[in-house]
Amino acid sequence: MIRYRTLFEVDIAHDYFLSRGEVVLEAQSDADRSSLAALYSVAEVFEIEPDAATIATLAGHKLLFRATRTGFLVAAQVDASTPPQPIIAPDDTFRLAFLLRVRNARFANYTELGQPSRFYRFGNDAQNRVAGVSNLSRPIRVFDATSRYVAGDVYSQAAGSTFDLFLALRDTGPAATPVVADWRRIPADTFSASATYQSGAMVLAANRVYRALVDTPGTDLTNAAEWQPGTLLGNQYASVSDAMRADFAFATFDITAAALPRATVRVTRAGAATPASEQNFSAEQGLLSQVQVDLRTLPSGTYRLELLDDADTLFPGHTTSIFIAADARSAGAFGVIEIDRGTADYALLDGAGALRSPRYTLRFLNRSTRWRYIFPAAQAIGAGADVAHEGADPRVLVTANARPLSRFGAGSYLQADVSATPVSEEILLPAPEANCLRRQNAEWFSETHLPNLTVGP
């Protein structure tokens, strides 16, 4: 009897579809979390397919590729041993690559990747396991005092066994330390010491989710009789750390600063000890500036380009990583997921060659914008509103700070309810669609046109 077992599985999550405004999936009620998860399908975001070389590898290793609602899996034909082992075990050259093509035209509007790149590479060599999650994205970078950040960039700060993340609300830096007004910690805590919670309520505080075990619990979240600690957020997303240069036939390598009359460019595949190519260049006169490195004979994958001088010595500051992606170019791919044998928690097999069936995660952050509402005439604002007039134009209202976009997010208050009165005075403006974004004054805005609304008692 032919048997297949999971070799590995990949989950691809997107907070635009799985969060509710400021509240991430993990901190939502059981019912909301279940409903949102059931409504989400990665097929709304990406089309995923193995590249040409991977199709051949799958066949040669008796592997099956299957799309799932949340990503994809690869299954291996296994023997009858316990625990099972693949009929054909992956060796050191084993590599699978899966192309990601964006299916939703609004993807760039609702996805936060900071400074944009044309191509992203993710893989199980990331070694970015946090809070029990094996992320395929590389660690989000720590704050760099020398960097200029743009609205939407994210930096990380270690917080125990996980990370605090901070989102740039507007362009900022360089600065010796983060300018407090320019950054917001994400995700925001949902726990409030002044709120009243019922049994079963979920709250988020300091990156950990807690469930209320009794009605009206106290404010001490460490009280095991009243609060049950739950999920610890790993807080890792796809980011600029995963951006990679992609080339297809020839790579232009700028070596002007090296000031060399002759040079060698060494091309080595990631994880390999032997170069795949060494190409020599000489200036007819003077010094070399830009050289064209021929990549046409090299199979798709991640490579390292290194510059050597005429004494075959590595020249400092002239090493770069590229992804050679002929298939990705023809497919118009946003990025690629590369899977090799892996090591440690990312390994496909254990020391005895049996399946470990790891589950990898790739998560995307939803974009945050300031929400701007445009009315045909001057618009009044009620008590407790989340918006204010923008400048001197009474027709335009705007939120004070950026708020995350989400498919099922809450809107903004034009007027809040007054609890002391027997009727509700609440007027809620809709959350913006991810259709109309405008970059203005170093910030991002979402714009919504509305008819005038009446506020008051």
Side-chain angles (χ1 to χ4, degrees), residues 3-14 18 25-26 37 40-42 45-46 48-51 53-55 57-79 81-100 120-140 161-163 231-239 241-242 270-271 301-302 335-364:
R3 300 191 305 164
Y4 283 87
R5 296 290 185 271
T6 300
L7 179 64
F8 66 89
E9 191 163 358
V10 172
D11 289 325
I12 302 176
H14 201 303
L18 294 172
L25 180 69
E26 294 88 341
Y40 173 70
S41 171
V42 74
V45 186
F46 292 116
I48 306 167
E49 65 176 21
D51 69 8
T54 297
I55 292 173
T57 301
L58 292 171
H61 284 73
K62 299 186 182 299
L63 304 175
L64 298 177
F65 166 80
R66 292 289 183 268
T68 66
R69 186 173 54 82
T70 58
F72 65 93
L73 63 80
V74 170
Q77 186 177 337
V78 297
D79 60 19
S81 60
T82 304
Q85 299 186 13
I87 292 290
I88 302 176
D91 60 16
D92 291 340
T93 65
F94 181 80
R95 171 193 168 273
L96 303 177
F98 303 90
L99 303 177
L100 302 175
Y120 295 84
R121 187 265 182 190
F122 312 99
N124 68 337
D125 58 352
Q127 294 301 316
N128 184 23
R129 185 173 171 84
V130 184
V133 177
S134 295
N135 298 287
L136 293 175
S137 56
R138 296 190 178 278
I140 291 179
S161 58
T162 184
F163 295 90
T231 303
L232 177 66
L233 301 187
N235 283 355
Q236 291 292 293
Y237 291 94
S239 71
S241 298
D242 303 296
T302 303
V336 67
I337 294 174
E338 280 195 295
I339 304 295
D340 59 21
R341 287 184 59 180
T343 60
D345 290 318
Y346 285 78
L348 301 179
L349 308 177
D350 65 17
L355 295 177
R356 292 188 66 252
S357 302
R359 196 178 193 106
Y360 306 126
T361 295
L362 177 58
R363 187 166 181 172
F364 291 89

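Judged as a ring pair (Phe, Tyr, Trp, His ring centres under 6.0 Å), and not counting sequence neighbours, Tyr4 has no contacts. The side-chain contact (heavy atoms from CB on, under 4.5 Å) test applied to Ala13 returns Leu18, Arg363, not counting sequence neighbours. Every residue was checked against the salt bridge (Lys or Arg N to Asp or Glu O under 4.0 Å) condition with Asp242, not counting sequence neighbours, and none meets it. Remark: Pro139 pairs with Asn128, Gln236 by the side-chain contact (heavy atoms from CB on, under 4.5 Å) rule, at least two apart or across chains. For Ile87, the side-chain contact (heavy atoms from CB on, under 4.5 Å) partners are Lys62, Gln77, Asp79, not counting sequence neighbours. Shown here are the ring pair (Phe, Tyr, Trp, His ring centres under 6.0 Å) partners of Phe65, two or more places apart in sequence or in another chain: Phe72, Phe98. Every residue meeting the ring pair (Phe, Tyr, Trp, His ring centres under 6.0 Å) condition with Tyr120, not counting sequence neighbours, appears here in chain and number order: Phe334. Annotation: salt bridge (Lys or Arg N to Asp or Glu O under 4.0 Å) contacts of Arg356 (sequence neighbours excluded): none. With sequence neighbours excluded, the residues that form a salt bridge (Lys or Arg N to Asp or Glu O under 4.0 Å) with Arg95 are Asp51, Glu338. With sequence neighbours excluded, the residues forming a side-chain contact (heavy atoms from CB on, under 4.5 Å) with Ala76 are Leu7, Leu63, Pro86, listed by chain and number. In this structure, the ring pair (Phe, Tyr, Trp, His ring centres under 6.0 Å) partners of Tyr346, at least two apart in sequence or on a different chain, are Tyr360. In this view, Asp350 satisfies the salt bridge (Lys or Arg N to Asp or Glu O under 4.0 Å) rule with no residue, not counting sequence neighbours.
Looking at Thr162, its side chain does come within 3.5 Å of a backbone N or O of Leu233 through a donor-acceptor pair. The closest donor-acceptor contact from the side chain of Thr54 to the backbone of Ala97 lies under 3.5 Å. Between the side chain of Arg69 and the backbone N or O of Tyr40 there is at least one donor-acceptor pair closer than 3.5 Å. Judged by distance alone, with hydrogens and angles left aside, the side-chain atoms of Ser81 form a donor-acceptor pair with the main-chain N or O of Pro83 at under 3.5 Å. Thr57 places no side-chain N or O within donor-acceptor distance of the main-chain N or O of Leu96, the cut-off being under 3.5 Å.
Between the side chains of Ser134 and Arg129, at least one donor-acceptor pair of N or O atoms lies under 3.5 Å.
Ring planes of Phe364 and Phe46: tilted class, angle from 30 to 60°.
Looking at Leu362 and Asn135, their side chains never come closer than 4.5 Å, going by heavy atoms from C-beta outward. In this structure the side chain of Leu355 reaches within 4.5 angstrom of the side chain of Leu349, judged on heavy atoms. Looking at heavy atoms from C-beta onward, Phe8 lies in side-chain contact with Ile339 at the 4.5 angstrom threshold.
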Just do the side-chain contact (heavy atoms from CB on, under 4.5 Å) check on Arg341 and Asp125 with the steps written out, would you? CA-CA 9 Å; Arg341 287 184 59 180; Asp125 58 352; over 6 Å; no

